[in-house]
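Below you'll find the structure, written out as structure tokens, and then a few comments.
Per chain, numbering begins at 1; letters A, B, ... match sequence-line order. Every value quoted in this text rests on a predicted model; they were computed, and no experiment measured them. Atoms considered below: every heavy atom in the structure, side chains included; atoms not considered: hydrogens, waters and symmetry mates.
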Protein chains: 4
Amino acid sequence: MSPLNKQQLDQIRDERREEIKQASLKVFARRGYKGTKTSLIAKEASISEGLIYRYFNSKKELFITLIQELMEEARRELEHVHHLPGTPFEQLRNLTENMFDENSKYAFMLIERSRKDENVPEKVTQIFEQLPPNVLIDLLVPTFVKGQKSGEFSPGEPRKLLTWYFTIVNSLLTQEQGDEEYGLPDVDVLMRILAK
Amino acid sequence: MSPLNKQQLDQIRDERREEIKQASLKVFARRGYKGTKTSLIAKEASISEGLIYRYFNSKKELFITLIQELMEEARRELEHVHHLPGTPFEQLRNLTENMFDENSKYAFMLIERSRKDENVPEKVTQIFEQLPPNVLIDLLVPTFVKGQKSGEFSPGEPRKLLTWYFTIVNSLLTQEQGDEEYGLPDVDVLMRILAK
Amino acid sequence: MSPLNKQQLDQIRDERREEIKQASLKVFARRGYKGTKTSLIAKEASISEGLIYRYFNSKKELFITLIQELMEEARRELEHVHHLPGTPFEQLRNLTENMFDENSKYAFMLIERSRKDENVPEKVTQIFEQLPPNVLIDLLVPTFVKGQKSGEFSPGEPRKLLTWYFTIVNSLLTQEQGDEEYGLPDVDVLMRILAK
Amino acid sequence: MSPLNKQQLDQIRDERREEIKQASLKVFARRGYKGTKTSLIAKEASISEGLIYRYFNSKKELFITLIQELMEEARRELEHVHHLPGTPFEQLRNLTENMFDENSKYAFMLIERSRKDENVPEKVTQIFEQLPPNVLIDLLVPTFVKGQKSGEFSPGEPRKLLTWYFTIVNSLLTQEQGDEEYGLPDVDVLMRILAK
DNA sequence: GATGAATGAGTCTTCATTCAT
DNA sequence: CATGAATGAAGACTCATTCAT
């Protein structure tokens with residue numbers, strides 16, 4: 001049988017790389033950088049430990065790559081909020097609900113967790129220092145101000161309120177499932193922080 | 001000078017043990033269980049690494065001891081809330097402010113962090129599973145209900161509201177200093193979650 | 001086109017096997033046994049890594065095969081020296097020049113290097129122990145003695161002088177290009193060691 | 001009993017560090033950089049593998065340190081040649097004999113070996129490129145010229161002759177014990193290369 | 001009691017070798 | 001026959017724990 005052609009191999013490589021990123025995202029999000037053994041990543045991705053190193057030079061590089069890409073993705077998501085349908089209140093409500101989605105959950109968890117984690121590689125600390133949360137928050141300010149004008153949102157310094165709001169949302173995400181009995185806080189309860 | 005007598009030696013031992021617990025509390029709170037090297041604890045306590053092992057059998061035992069004692073202390077603090085002066089609203093406000101105190105801060109940080117941390121010793125996981133946050137929350141329910149009756153607090157399921165409230169407060173504590181620009185959320189903003 | 005017949009296939013196999021040996025010779029000669037990654041051999045031979053294993057059972061076997069064949073070849077070359085044209089001095093001069101040839105260079109480099117290398121497979125160590133350089137040297141003794149009698153060579157124990165001479169020649173080969181400024185030592189300067 | 005004081009500890013540390021350097025020198029000299037396992041260094045130094053890392057950050061750092069210090073030492077030794085007693089011939093003869101001493105042997109072996117080794121850390125390659133052998137050779141040129149004038153040495157380009165001479169001496173050193181039967185070449189035979 | 005050098009089990013990383021295609 | 005992705009054993013490195021002083 002003939003060997004796979006270049007295109008097929010490239011595709012396998014891309015898929016595998018993606019799988020490893022997804023698997024490591026889950027583990028890093030739960031256990032943090034230092035607490036994550038490469039053996040756990042391998043198990044989560046159902047591959048051998050050594051294979052990770054055909055796709056990433058080190059655990060550190062894998063982690064940094066992950067953080068960089070997630071930050072970029074987060075930025076894109078926030079930039080798009082004002083294109084969502086509905087009023088500003090509905091747009092932010094929507095965004096919040098998305099953040100709790102199975103899909104984005106781990107991404108926000110990892111970013112949130114890593115921001116506080118002193119065990120993270122130097123480079124990651126730098127990324128967070130250079131790109132303060134406000135950069136992301138600022139993207140939402142126009143939407144929020146619009147909501148204030150229409151009376152949907154509480155008056156007050158927009159960046160301050162938004163910062164607190166997302167501090168809280170992010171913190172809750174980190175808990176993965178919040179309190180067992182009541183689940184994650186109702187988005188509407190959270191939105192009270194912003195609502196008039 | 002005569003050598004120290006038995007009682008004095010015991011006192012030194014107790015003090016030293018306490019110092020090690022305080023030092024390790026700070027480090028564990030910031031870096032988590034796995035991320036904390038015994039060398040860092042020793043440095044924080046200004047002692048040698050080996051000395052830790054004269055007071056605790058292992059890093060694990062030290063950690064477990066810490067968690068157990070902090071949980072006990074937390075319970076005592078919550079039980080006392082209704083003895084504080086002022087209205088229920090003022091009592092909870094007071095409690096919240098205390099939690100952000102330099103003194104208790106690390107304790108709450110560590111507990112909150114450890115609850116989510118999958119790198120923690122099995123025994124600690126068990127402690128949290130057996131002693132759900134509700135046990136602590138339940139201690140505040142009477143106070144809260146009293147506040148609802150007097151119209152200070154929002155109506156609704158008391159345990160649910162309190163659970164969310166402290167989930168949020170605890171999460172914020174973990175961040176140590178919150179957003180750099182705005183600092184920790186204003187306690188009054190937080191209390192909006194409970195307030196009518 | 002009709003498929004290749006058995007004979008043609010055998011020829012391809014032989015050629016391929018030879019290519020792999022040539023490529024690995026170059027790499028082993030430069031980097032030694034342990035320092036040579038199979039990936040480097042594959043690259044040098046412009047084939048895939050896996051293909052090596054269709055022609056050799058292991059890196060070790062490839063290496064041993066190489067050493068054995070090179071030793072055999074070296075023996076043949078030395079046996080032929082006295083058939084070369086010219087006086088004994090010219091014959092040894094000729095041999096020496098051949099050793100620095102692009103063709104034989106790597107072979108002598110590898111043998112010389114491997115003789116000193118403690119990272120080499122056990123079997124190779126044995127080959128060198130069982131077949132001491134003297135076996136090769138002995139082949140040249142008649143030629144040398146002839147030259148002594150004719151007054152071309154310095155008097156003295158022939159095997160001793162020859163051993164030193166080739167020790168030196170081999171050592172220089174290992175350096176590949178000697179000192180950058182002056183290149184490899186002039187063969188005539190080397191021959192002074194033997195000359196009267 | 002009271003703990004060791006600072007000075008004693010510093011001494012232990014210095015001695016240990018020196019022991020590790022000596023042990024690793026022996027192993028690196030015989031097996032090269034890549035072929036040397038840290039476990040072998042540990043065994044040679046009769047310590048645990050982990051201890052190496054309290055004194056050096058990595059096998060690479062240990063190796064680089066070694067090379068740098070040996071180069072420095074070599075320079076000092078060559079600079080001192082013209083202070084040795086005797087004629088220039090005797091001075092170089094003396095130097096050569098020193099190089100074969102049990103003490104310096106491994107040092108010259110390692111440097112010589114590493115210069116040719118393509119498996120060595122980048123930094124080491126740079127050291128050798130920046131500090132070509134000629135820098136060391138140049139230190140001996142005055143002595144050699146003096147010997148030429150007094151008729152002890154062969155006429156000819158001093159740097160060229162010296163370069164070849166030491167190329168050969170170094171190469172022989174690498175073999176550790178040369179041919180078993182005849183031992184290392186007689187220094188006087190070697191000196192013929194330089195002698196008139 | 002106190003110190004920090006020393007150990008060794010556990011993790012990260014490399015690379016010869018295998019195997020599905 | 002040929003490829004290169006995948007595996008896993010072996011080697012580098014970290015750090016909780018021990019122990020001589």
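Nearer to the 5' terminus of DNA chain E, by closest-nucleotide assignment, is the contact made by D/Arg54 (compared with the other of D/Arg54 and C/Thr38). If D/Lys59 and A/Arg13 are placed on DNA chain F by their nearest nucleotide, the residue sitting closer to the 5' end is A/Arg13. Heavy-atom nearest nucleotides on DNA chain F were determined for C/Ser48 and for B/Thr36, and the one closer to the 5' end corresponds to C/Ser48. If you find the closest nucleotide of DNA chain E to C/Lys34 and to D/Glu49, the one lying nearer the 5' end belongs to D/Glu49.
Here the P atom of nucleotide E/dT17 and the CD atom of C/Glu61 are 10 Å apart, to the nearest Å. Taking atom CG of A/Leu51 as the reference point, atom C1' of E/dT13 lies 13 Å away to the nearest angstrom. The separation between D/Lys60 atom NZ and F/dA12 atom P is 14 Å, rounded to whole Å. Between the CD1 atom of A/Ile47 and the P atom of F/dG8 there is a distance of 12 Å, given to the nearest Å. Taking atom CG of residue C/Leu62 and atom P of nucleotide E/dA16, one finds them 12 Å apart after rounding to whole Å. For the pair A/Ile52 CD1 and E/dC12 C1', the interatomic distance rounds to 10 Å; values are reported in whole Å. Atom P of nucleotide F/dT7 and atom CZ of A/Arg16 are separated by 7 Å, given to the nearest angstrom. Atom NZ in C/Lys43 sits about 19 Å away from atom C1' in F/dA2, given to the nearest Å.
With E/dA16, F/dA16, F/dA5 as the choices, the nucleotide that has an atom nearest any side-chain atom of C/Tyr53 turns out to be E/dA16.
The cationic group of A/Arg13 lies under 6.0 Å from the six-membered ring centre of A/Tyr55 and within 45° of the ring axis, placing it in a cation-pi geometry.
In this structure E/dT3 sits in a base pair with F/dA20, meeting the Watson-Crick or G-U test at under 3.5 Å. E/dT14 and F/dA9 make up a base pair, with Watson-Crick or G-U wobble contacts both under 3.5 Å.
For the residue pair B/Tyr106 and B/Arg30, a side-chain donor N or O sits within less than 3.5 Å of a side-chain acceptor on the partner. Defined by atom type and a distance below 3.5 Å, a donor-acceptor pair is missing between the side-chain atoms of B/Glu49 and B/Ser39. Side-chain contact annotation: A/Glu15 with A/Gln11, donor-acceptor N/O pair under 3.5 Å present.
Between A/Lys21 and A/Glu69 there is a salt bridge, since a side-chain N of the basic residue sits under 4.0 Å from a carboxylate O of the acidic one.
Residue B/Tyr55 is in sugar-phosphate contact alone, with no base atom involved, counting any heavy-atom pair closer than 4.0 Å across all strands shown.
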